[in-house]
Amino acid sequence: LAVLLAPAAMSGLQGCAKIEARDLIRDGNAAYNDGKYVEAIQKYDQAVELEPDGVTLYWNRACAAESLVLKIKDPERVEERRKYADMALKDFHTWHDRLEQKTPEDAKQLDDHRLAILDADERCDDLLEHWREKHEADPKEEGLYGVIARQYDKCDKKDDATSWFVKRTEDFPESVRAWHALAIRKFDPLWPDPESGVPFNTALDPAERLKVA
(Lines give C-alpha, C1' and ligand atoms only; values in the text may rest on other atoms or scores of the structure.)
Protein backbone atom coordinates (compact mmCIF):
# COMPACT_ATOMS: atom_id res chain seq x y z
CA LEU A 1 0.00 0.00 0.00
CA ALA A 2 2.84 2.38 0.86
CA VAL A 3 4.42 1.70 -2.52
CA LEU A 4 1.17 2.46 -4.31
CA LEU A 5 0.73 5.75 -2.46
CA ALA A 6 4.24 7.01 -3.13
CA PRO A 7 3.62 8.36 -6.67
CA ALA A 8 0.44 10.13 -5.55
CA ALA A 9 2.25 11.62 -2.58
CA MET A 10 5.06 12.84 -4.82
CA SER A 11 2.55 14.37 -7.22
CA GLY A 12 0.88 16.16 -4.32
CA LEU A 13 4.18 17.55 -3.09
CA GLN A 14 5.05 18.81 -6.57
CA GLY A 15 1.66 20.46 -6.82
CA CYS A 16 2.15 22.21 -3.49
CA ALA A 17 5.60 23.37 -4.55
CA LYS A 18 4.20 24.86 -7.75
CA ILE A 19 1.46 26.67 -5.86
CA GLU A 20 4.02 28.08 -3.44
CA ALA A 21 6.25 29.07 -6.36
CA ARG A 22 3.36 30.92 -7.98
CA ASP A 23 2.72 32.81 -4.74
CA LEU A 24 6.39 33.79 -4.56
CA ILE A 25 6.33 34.94 -8.18
CA ARG A 26 3.31 37.13 -7.48
CA ASP A 27 5.11 38.60 -4.48
CA GLY A 28 8.17 39.18 -6.64
CA ASN A 29 6.09 40.88 -9.33
CA ALA A 30 4.51 43.16 -6.75
CA ALA A 31 7.95 44.12 -5.40
CA TYR A 32 9.18 44.71 -8.96
CA ASN A 33 6.25 47.00 -9.74
CA ASP A 34 7.08 48.97 -6.59
CA GLY A 35 10.68 49.39 -7.73
CA LYS A 36 11.99 47.03 -5.03
CA TYR A 37 14.19 45.07 -7.38
CA VAL A 38 16.42 43.36 -4.82
CA GLU A 39 13.39 42.12 -2.91
CA ALA A 40 11.83 40.95 -6.18
CA ILE A 41 14.95 38.95 -7.04
CA GLN A 42 14.92 37.33 -3.62
CA LYS A 43 11.35 36.17 -4.19
CA TYR A 44 12.21 34.88 -7.67
CA ASP A 45 15.24 33.05 -6.23
CA GLN A 46 12.96 31.21 -3.81
CA ALA A 47 10.53 30.40 -6.61
CA VAL A 48 13.33 28.96 -8.76
CA GLU A 49 14.21 26.54 -5.98
CA LEU A 50 10.63 25.23 -6.05
CA GLU A 51 10.07 25.37 -9.81
CA PRO A 52 13.44 25.30 -11.60
CA ASP A 53 11.92 24.31 -14.95
CA GLY A 54 9.91 27.52 -15.31
CA VAL A 55 10.14 29.95 -18.23
CA THR A 56 8.45 33.25 -17.41
CA LEU A 57 10.09 33.24 -13.99
CA TYR A 58 13.50 33.67 -15.59
CA TRP A 59 12.26 36.55 -17.70
CA ASN A 60 10.92 38.27 -14.58
CA ARG A 61 14.15 37.85 -12.64
CA ALA A 62 16.19 38.99 -15.63
CA CYS A 63 14.13 42.17 -15.90
CA ALA A 64 14.55 42.89 -12.19
CA ALA A 65 18.32 42.35 -12.40
CA GLU A 66 18.53 44.49 -15.54
CA SER A 67 16.67 47.30 -13.76
CA LEU A 68 19.35 47.29 -11.07
CA VAL A 69 22.12 47.33 -13.67
CA LEU A 70 20.58 50.39 -15.33
CA LYS A 71 20.13 52.05 -11.96
CA ILE A 72 23.59 51.54 -10.46
CA LYS A 73 25.86 54.42 -11.52
CA ASP A 74 28.18 54.67 -8.50
CA PRO A 75 31.75 53.65 -9.55
CA GLU A 76 32.19 52.08 -6.12
CA ARG A 77 29.37 49.62 -6.87
CA VAL A 78 30.84 48.21 -10.07
CA GLU A 79 31.17 44.68 -8.68
CA GLU A 80 27.57 44.72 -7.50
CA ARG A 81 26.41 45.91 -10.92
CA ARG A 82 28.48 43.21 -12.60
CA LYS A 83 26.80 40.55 -10.46
CA TYR A 84 23.34 41.64 -11.52
CA ALA A 85 24.43 42.03 -15.13
CA ASP A 86 25.65 38.41 -15.17
CA MET A 87 22.37 37.30 -13.62
CA ALA A 88 20.27 39.19 -16.16
CA LEU A 89 22.27 37.95 -19.16
CA LYS A 90 22.07 34.35 -17.99
CA ASP A 91 18.35 34.51 -17.18
CA PHE A 92 17.40 36.12 -20.50
CA HIS A 93 19.23 33.32 -22.31
CA THR A 94 17.54 30.68 -20.15
CA TRP A 95 14.15 32.23 -20.92
CA HIS A 96 14.85 32.20 -24.65
CA ASP A 97 16.28 28.68 -24.67
CA ARG A 98 13.19 27.30 -22.91
CA LEU A 99 10.59 28.90 -25.16
CA GLU A 100 8.68 26.15 -26.93
CA GLN A 101 8.18 28.30 -30.02
CA LYS A 102 10.73 31.01 -30.72
CA THR A 103 9.84 33.97 -32.93
CA PRO A 104 12.04 36.62 -34.55
CA GLU A 105 10.56 39.09 -32.06
CA ASP A 106 11.76 36.89 -29.18
CA ALA A 107 15.28 36.88 -30.63
CA LYS A 108 15.18 40.65 -31.08
CA GLN A 109 14.09 41.12 -27.47
CA LEU A 110 16.95 38.93 -26.29
CA ASP A 111 19.41 40.91 -28.42
CA ASP A 112 18.06 44.30 -27.31
CA HIS A 113 18.20 43.42 -23.62
CA ARG A 114 21.69 41.97 -23.96
CA LEU A 115 22.99 45.14 -25.62
CA ALA A 116 21.34 47.38 -23.02
CA ILE A 117 22.95 45.39 -20.20
CA LEU A 118 26.39 45.28 -21.81
CA ASP A 119 26.23 49.03 -22.42
CA ALA A 120 25.07 49.87 -18.88
CA ASP A 121 27.77 47.63 -17.41
CA GLU A 122 30.38 49.26 -19.66
CA ARG A 123 31.52 46.00 -21.25
CA CYS A 124 33.28 47.56 -24.21
CA ASP A 125 35.03 44.45 -25.47
CA ASP A 126 31.82 42.41 -25.48
CA LEU A 127 29.96 45.16 -27.34
CA LEU A 128 32.71 45.52 -29.92
CA GLU A 129 32.78 41.77 -30.44
CA HIS A 130 28.99 41.76 -30.89
CA TRP A 131 29.04 44.43 -33.60
CA ARG A 132 32.06 42.96 -35.38
CA GLU A 133 30.27 39.60 -35.52
CA LYS A 134 27.24 41.36 -36.98
CA HIS A 135 29.51 42.92 -39.59
CA GLU A 136 31.14 39.60 -40.47
CA ALA A 137 27.70 38.05 -40.87
CA ASP A 138 26.49 40.88 -43.12
CA PRO A 139 29.49 42.78 -44.60
CA LYS A 140 27.25 44.55 -47.12
CA GLU A 141 25.33 46.37 -44.39
CA GLU A 142 26.88 49.83 -44.59
CA GLY A 143 25.10 51.16 -41.51
CA LEU A 144 27.08 48.81 -39.28
CA TYR A 145 30.28 50.74 -40.03
CA GLY A 146 28.92 53.79 -38.27
CA VAL A 147 27.66 51.71 -35.35
CA ILE A 148 31.07 50.08 -34.91
CA ALA A 149 32.86 53.43 -35.18
CA ARG A 150 30.60 54.98 -32.53
CA GLN A 151 31.15 51.99 -30.27
CA TYR A 152 34.92 52.42 -30.55
CA ASP A 153 34.44 56.08 -29.63
CA LYS A 154 32.40 55.11 -26.56
CA CYS A 155 35.20 52.74 -25.60
CA ASP A 156 37.65 55.65 -25.90
CA LYS A 157 39.44 54.06 -28.86
CA LYS A 158 39.45 57.09 -31.16
CA ASP A 159 42.00 55.82 -33.68
CA ASP A 160 40.09 52.58 -34.19
CA ALA A 161 36.88 54.57 -34.61
CA THR A 162 38.47 56.75 -37.28
CA SER A 163 39.76 53.69 -39.10
CA TRP A 164 36.16 52.47 -39.48
CA PHE A 165 35.10 55.79 -40.97
CA VAL A 166 37.92 55.38 -43.49
CA LYS A 167 37.13 51.71 -44.09
CA ARG A 168 33.54 52.65 -44.92
CA THR A 169 34.70 54.88 -47.78
CA GLU A 170 37.04 52.15 -49.02
CA ASP A 171 34.35 49.45 -49.01
CA PHE A 172 31.61 51.78 -50.29
CA PRO A 173 33.46 54.30 -52.48
CA GLU A 174 30.25 55.50 -54.16
CA SER A 175 28.47 56.18 -50.87
CA VAL A 176 27.77 59.87 -50.28
CA ARG A 177 26.96 59.14 -46.62
CA ALA A 178 30.33 57.42 -46.11
CA TRP A 179 32.32 60.40 -47.41
CA HIS A 180 30.14 62.88 -45.54
CA ALA A 181 30.65 60.97 -42.25
CA LEU A 182 34.43 60.86 -42.80
CA ALA A 183 34.56 64.59 -43.57
CA ILE A 184 32.69 65.40 -40.36
CA ARG A 185 35.01 63.09 -38.46
CA LYS A 186 38.10 64.83 -39.82
CA PHE A 187 36.60 68.20 -39.03
CA ASP A 188 36.33 67.35 -35.32
CA PRO A 189 39.75 68.78 -34.33
CA LEU A 190 38.71 72.20 -35.61
CA TRP A 191 35.84 72.59 -33.17
CA PRO A 192 36.59 75.12 -30.42
CA ASP A 193 36.09 74.78 -26.70
CA PRO A 194 32.46 75.93 -26.23
CA GLU A 195 33.58 78.21 -23.40
CA SER A 196 36.42 79.81 -25.34
CA GLY A 197 34.24 82.31 -27.18
CA VAL A 198 36.26 81.90 -30.41
CA PRO A 199 35.08 80.17 -33.60
CA PHE A 200 38.06 77.80 -33.91
CA ASN A 201 40.29 75.49 -31.88
CA THR A 202 43.04 77.68 -30.48
CA ALA A 203 45.04 74.61 -29.47
CA LEU A 204 46.00 74.18 -33.13
CA ASP A 205 48.26 76.67 -34.84
CA PRO A 206 47.00 78.28 -38.07
CA ALA A 207 49.04 75.98 -40.33
CA GLU A 208 47.69 72.86 -38.64
CA ARG A 209 44.13 74.17 -38.78
CA LEU A 210 44.50 74.83 -42.51
CA LYS A 211 45.93 71.34 -43.05
CA VAL A 212 43.01 69.71 -41.21
CA ALA A 213 40.47 71.84 -43.10
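Bear in mind that the values here come from a model prediction, so they are computed numbers and not experimental data.
- Taking Y58 as the reference, nothing meets the ring-ring contact (aromatic ring centres under 6.0 Å, His included) condition, with sequence neighbours excluded.
- In summary, the side chains of H93 and R114 do not present any donor paired with an acceptor at a separation below 3.5 Å, with no hydrogens or angles considered.
- In this structure, a donor-acceptor pair under 3.5 Å is absent between the side chains of R168 and S175.
- By the 4.5 Å heavy-atom criterion applied to side chains, Y32 and I41 are not counted as neighbours.
- Considering CD1 of I117 and CG of L68, their distance stands at 11.0 Å, rounded to 0.5 Å.
- S196 contributes no side-chain N or O that, together with a main-chain N or O of P192, makes up a donor-acceptor pair within less than 3.5 Å.
- In summary, the side chains of T162 and D159 do not present any donor paired with an acceptor at a separation below 3.5 Å, with no hydrogens or angles considered.
- Atoms CD and CG, on Q151 and L127 in that order, are 4.5 Å from each other to the nearest 0.5 Å.
- Evaluation of the ring-ring contact (aromatic ring centres under 6.0 Å, His included) rule for F165 yields no partner, not counting sequence neighbours.
- Taking the ring axis of W131 as reference, the NZ or CZ atom of K134 does not stay both within 45° of it and closer than 6.0 Å to the ring centre.
- Looking at K154 and E122, no side-chain N of the basic residue comes within less than 4.0 Å of a carboxylate O on the acidic one, giving no salt bridge.
- Applying the side chain to side chain contact (heavy atoms under 4.5 Å, CB included) test between H96 and each of D91, D106, D111, V55 identifies D106 as the sole match.
- The distance from the CG atom of N60 to the CZ atom of R26 is 12.5 Å, given to the nearest 0.5 Å.
- Judged purely by distance below 3.5 Å, without hydrogens or angles, the side chains of N29 and Y44 pair a donor atom with an acceptor atom.
- Rounded to the nearest 0.5 angstrom, R77 CZ and K83 NZ are separated by 10.0 Å.
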(request) Carefully, step by step, assess W179 and I184 under the rule side-chain contact (heavy atoms from CB on, under 4.5 Å). (result) CA-CA 9 Å; W179 289 103; I184 292 175; over 6 Å; no
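- K157 has no carboxylate O lying under 4.0 Å from a charged side-chain N of D153, or vice versa, which leaves the two without a salt bridge.
- The residues R61 and D45 are annotated as salt-bridged, a charged nitrogen and a carboxylate oxygen being separated by less than 4.0 angstrom.
- Under a 4.0 Å N-O distance rule, the pair R82/D86 does not qualify as a salt bridge.
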(request) Begin from the C-alpha positions of H113 and W59 and carry the test ring pair (Phe, Tyr, Trp, His ring centres under 6.0 Å) through to its verdict. (result) CA-CA 11 Å; H113 282 286; W59 169 272; 5.3 Å; yes
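- A salt bridge does not link K18 with D53: none of the charged nitrogens is closer than 4.0 Å to a carboxylate oxygen.
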